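Only one structure is covered here, and it is reproduced in the block below.
Bear in mind that the values here come from a model prediction, so they are computed numbers and not experimental data. Computation of the quantities below employed the complete heavy-atom set of this structure, encompassing side-chain atoms and omitting hydrogens, waters and symmetry-equivalent molecules.
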Amino acid sequence: MPELALSLQFARRLPDAALHRAALPRHRAARWLRAALDETLQAAEITVRVVGEDEGRQLNRDFRGKDYATNVLTFDYCHAPVLQADLVLCAPVLAREAAALDKPLADHYAHLLVHGALHAQGWDHETSEADAEAMEAQETRILAALGVPNPYERG
């Protein structure tokens with residue numbers, strides 16, 4: 001198992017900060033990320049930043065050219081032998097999605113941390129249908145091992 005150096009940050013003035021801190025404690029974030037790391041990595045240095053709608057929208061606009069806040073953004077700097085990445089999670093978007101899906105917020109955080117960690121390792125669901133299916137299957141396997149229900153099944 002690769003060693004993980006994790007920095008977990010919550011933006012100042014984050015709406016419902018206590019709710020998000022409770023759903024994403026450091027020990028859970030570390031567990032979820034470790035489960036998503038490829039065993040061939042020597043180590044991983046990951047910063048997870050939980051932001052509000054304005055910061056999420058600005059980052060998505062500036063780096064992806066999309067003028068809306070999205071649930072997770074992955075900035076990967078190095079894949080191997082040491083993975084270096086920043087994952088930015090937009091708390092209000094995650095809360096809305098979890099409510100709409102009738103899923104616990106913690107489960108949604110688990111899913112999107114795993115999703116972002118896979119992106120940081122080179123997985124991509126936007127390149128082809130086959131790649132999307134492979135990434136979805138990998139996420140589902142990882143989450144099942146963590147005791148998190150399949151995020152793609154509507155209950």
Side-chain angles (χ1 to χ4, degrees), residues 1-37 41 43-79 82-126 132 135-136 138-140 142-155:
M1 173 95 34
E3 186 174 322
L4 173 63
L6 171 64
S7 175
L8 179 59
Q9 306 171 358
F10 291 84
R12 291 184 185 174
R13 293 184 229 86
L14 182 66
D16 300 320
L19 172 75
H20 294 281
R21 287 180 183 274
L24 187 61
R26 181 179 176 72
H27 71 279
R28 280 189 189 163
R31 181 172 176 252
W32 297 333
L33 288 168
R34 278 189 186 101
L37 295 176
L41 291 170
E45 299 169 359
I46 300 175
T47 297
V48 174
R49 181 165 172 78
V50 181
V51 301
E53 194 108 19
D54 290 343
E55 187 175 347
R57 181 178 183 173
Q58 181 179 353
L59 288 167
N60 200 29
R61 182 181 55 238
D62 292 352
F63 291 96
R64 295 181 65 225
K66 299 183 179 192
D67 193 18
Y68 58 87
T70 189
N71 51 20
V72 62
L73 291 168
T74 301
F75 299 93
D76 58 328
Y77 309 109
C78 181
H79 290 169
V82 177
L83 175 72
Q84 295 174 327
D86 294 336
L87 306 179
V88 179
L89 299 163
C90 186
V93 172
L94 265 77
R96 284 193 303 269
E97 289 176 347
L101 295 168
D102 195 29
K103 297 190 182 218
L105 183 57
D107 286 358
H108 202 42
Y109 268 111
H111 175 214
L112 291 173
L113 279 180
V114 167
H115 183 88
L118 290 178
H119 270 306
Q121 295 170 89
W123 292 78
D124 195 341
H125 56 85
E126 296 181 351
M135 186 171 177
E136 184 177 308
Q138 181 71 352
E139 289 172 19
T140 302
I142 293 166
L143 292 167
L146 292 166
V148 177
N150 184 339
Y152 297 102
E153 287 182 357
R154 295 290 296 215

Open item on the list: If I take atom CG from residue Leu101 and atom CG from residue Leu94, how far apart are they, to the nearest 0.5 angstrom?
Closed with: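 Reported value, rounded in 0.5 Å steps: 10.5 Å.
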TODO: Look up atom CZ in Arg34 and atom CG in Leu113, then write down how far apart they are to the nearest 0.5 Å.
DONE: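 If I round to the nearest 0.5 Å, the distance is 13.0 Å.
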Quick check: closest heavy atoms across [X] and [Y], and the distance to 0.1 Å?
X: Trp32; Y: Ala23; answer: CH2-O, 3.8 Å
X: Glu53; Y: Pro92; answer: OE1-CB, 3.4 Å
X: Ala95; Y: His20; answer: CB-CE1, 4.0 Å
X: Ala91; Y: Val50; answer: CB-CG1, 3.7 Å
X: Cys90; Y: Gly52; answer: SG-O, 3.6 Å
X: Leu14; Y: Ala11; answer: CB-O, 3.4 Å

Measure the shortest side-chain to side-chain distance between [X] and [Y] over non-hydrogen atoms and say whether it is less than 4.5 angstrom.
X: Leu143; Y: Pro151; answer: yes
X: Leu118; Y: Glu139; answer: yes
X: Arg61; Y: Gln58; answer: yes
X: Leu37; Y: Met1; answer: no
X: Arg31; Y: Leu146; answer: yes

Task: salt bridge (Lys or Arg N to Asp or Glu O under 4.0 Å) partners for Arg26, two or more places apart - done: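 Scan of Arg26 (salt bridge (Lys or Arg N to Asp or Glu O under 4.0 Å), adjacent residues dropped) gives none.
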Open item on the list: Using 30° and 60° as the class boundaries, would you call the ring planes of His125 and His115 parallel, tilted or perpendicular?
Closed with: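 Geometry flag for His115 against His125: tilted rings.
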So does [Y] get a backbone contact from the side chain of [X], meaning a donor-acceptor N/O pair under 3.5 Å?
X: His79; Y: Ala120; result: yes
X: Gln121; Y: Leu83; result: no
X: Asn60; Y: Tyr68; result: yes

[X] and its side chain to side chain contact (heavy atoms under 4.5 Å, CB included) partner, picked from [options]:
X: Leu112; options: Asn71, Leu24, Val48; value: Asn71
X: Leu87; options: Leu73, Thr47, Leu33; value: Leu33
X: His119; options: Val72, Asp76, Asp124; value: Asp124

Within 6.0 Å of [atom1] in [X], more than 12 heavy atoms from elsewhere:
X: Asp54; atom1: CG; value: no
X: Asp102; atom1: CG; value: no
X: Gln9; atom1: CD; value: yes

Open item on the list: Ignoring hydrogens and geometry beyond distance, is a side-chain donor-acceptor pair present between Glu45 and Tyr77 at under 3.5 Å?
Closed with: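 No, because no side-chain N or O of Glu45 sits under 3.5 Å from a partner of the opposite role on Tyr77.
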- [ ] Pick out which of Glu97, Arg96, Lys103 makes a side-chain hydrogen bond (donor to acceptor under 3.5 Å, both in side chains) with His108.
- [x]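 Single pass found, and it is Glu97.
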